[in-house]
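Written out below as structure tokens is the structure these notes cover.
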Number of protein chains: 2
Amino acid sequence: MAALTEGLQDYLEAILLCSAEHKFVRTKHLAEKLGVKSPSVNAAVKELARLGFVEHESYGYIELTAEGRRQAESVYSKHRILYRFFAKTLSLPNDLAEDTACGIEHHLDELTLKKITRLLDFLERKMKQSEEFTSELRKALDND
Amino acid sequence: MAALTEGLQDYLEAILLCSAEHKFVRTKHLAEKLGVKSPSVNAAVKELARLGFVEHESYGYIELTAEGRRQAESVYSKHRILYRFFAKTLSLPNDLAEDTACGIEHHLDELTLKKITRLLDFLERKMKQSEEFTSELRKALDND
DNA sequence: TAATAAAGTTAGTCTAGGCTAATTATAGTC
DNA sequence: GACTATAATTAGCCTAGACTAACTTTATTA
């Protein structure tokens, strides 16, 4: 499949999230979500259309193609796992967890993601099973 | 302190590593280590010198300033922790662990790094204490 | 229905960070 | 001491991805 830069992956992810919120995705929504100006969105969407990840007719709505959705969901699933790790397991502040997840989500391959998921599942299972384990872990993490 | 892009952080880290290997760091070494051509190194080093992170006289050696070393070590310490996490804790292949660590090291702040370190310390302590814990964790991670 | 507001697009600029080709400096060898 | 190989630098180009300013399209509303 075609090459997707980090930046374009961010756009795909934002389109996925916006389409959950608004049903129709517009340039304006993406600009707001990503904190960029509309010409930047326009250029990115044009490139994504050229690569076959979105459909977009001029002055109209923006929609993911099947492949675009697949890619967007891949990125977003990484984001969610990482957020879980940072916010829940490590108890970092939500906005920091969010920012960190966002920064590194592009750099994890499927195998790494799978391993992290299993580690989180394991830790959560242990914590559910054992109060002692939970307090040990919390104490280890909060050792300020 | 002045702004350092991800790319410039990579150069600082490479200078730190090269200075451990070669004693005198040269453009050529950095180009090899980073997989770029020498004009790219030259431009980056020039910028780092302008920002006060390295000293470099034309056609001579490249040296970190105190601040440059501090920055480089900050990045490298993140790298090492992440490598430990990916290679040791998650048992990922060394080169994948290396690449992943390299990709995300720029995106972790000190607090996040501290929490990850504590989690790793905790897990390693538990594994040292308990064979059962170790095999449970290994089994959870290798659940193919 | 004409006027205006809002949204989208286009054109042109900038920065970071690569590259190649050509030049200049240094070092090693006859 | 001159010649050559290696290294470093400069000049100039390219791409991604941001921006502003100007323009066009669409939608709203008097």
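Numbered from 1 within each chain, the chains take letters A, B, ... in sequence-line order. Below, all heavy atoms of this structure are taken into account, side chains as well, without hydrogens, waters or symmetry copies.
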Distance below 4.0 Å between Tyr11(B) side-chain N/O and dG18(C) OP1 or OP2 | yes
Does Arg80(A) make a cation-pi contact with Tyr76(A) (under 6.0 Å, within 45 degrees of the axis)?
-> yes
In terms of side-chain geometry, is the basic nitrogen of Arg84(A) or Asp121(A) positioned less than 4.0 Å from the acidic oxygen of its partner?
-> yes
Which pair of non-hydrogen atoms, one from Arg138(B) and one from Thr89(B), has the smallest distance, and what is that distance?
-> NH1-O, 3.2 Å
Let me know, please, whether His56(B) or Gly7(A) comes out on the 5' side of the other along DNA chain D by nearest nucleotide.
-> His56(B)
Does Phe24(B) sit in a hydrophobic cluster with other residues, and if so which ones, taking ILVMFWY side chains as linked at heavy-atom separations under 4.5 Å, directly or through other members?
-> Tyr61(B)
Glu67(B) side chain to Gln71(B) side chain, donor-acceptor N/O pair below 3.5 angstrom | yes
Which pairs would a plain distance check flag for residues 45-54 of chain B, meaning a side-chain donor or acceptor within less than 3.5 Å of a matching protein atom at least two apart in sequence or in another chain?
from: Glu47(B); atom 1: OE1; to: Arg50(B); atom 2: NE; distance (Å): 3.1
from: Glu47(B); atom 1: OE2; to: Arg50(B); atom 2: NH2; distance (Å): 3.0

For Asn42(B) and dT24(C), give me the distance from atom CG to atom P, rounded to whole Å.
-> 15 Å
Between Glu124(A) and Lys128(A), is there a side-chain N and carboxylate O pair less than 4.0 Å apart?
-> no
Using a cut-off of strictly less than 4.0 Å between a heavy atom of the residue and any atom of DNA chain D, enumerate the qualifying residues of residues 25-39 of chain B by number.
-> Arg26(B), Thr27(B), Lys28(B), Ser38(B), Pro39(B)
Measure the distance from CD on Glu57(B) to C1' on dT26(C) and round it to the nearest whole Å.
-> 13 Å
Near DNA chain D, under 4.0 Å by heavy atom, which residues of residues 12-23 of chain B?
-> none
Shortest non-hydrogen contact between Leu113(B) and Thr117(B), atoms and distance | O-OG1, 2.7 Å
Within the structure shown, what part of the strands sits under 4.0 Å from Ser40(B) by heavy-atom distance: base, sugar-phosphate, or nothing?
-> base
Which class fits the ring pair His29(B) and His22(B): parallel under 30°, tilted 30 to 60°, perpendicular over 60°?
-> parallel
Apply side chain to side chain donor-acceptor pair (under 3.5 Å) to Ser38(A) and list each qualifying residue two or more places apart in sequence or on a separate chain.
-> none
Span of DNA chain D, from the first to the last nucleotide whose atoms fall under 4.0 Å of chain B heavy atoms = dA7(D) to dT10(D)
Heavy atoms of Lys115(A) and Leu141(B) approach each other most closely as NZ-O, 3.1 Å
Round to a whole Å and report the spacing from OH of Tyr59(A) to P of dA6(C).
-> 17 Å
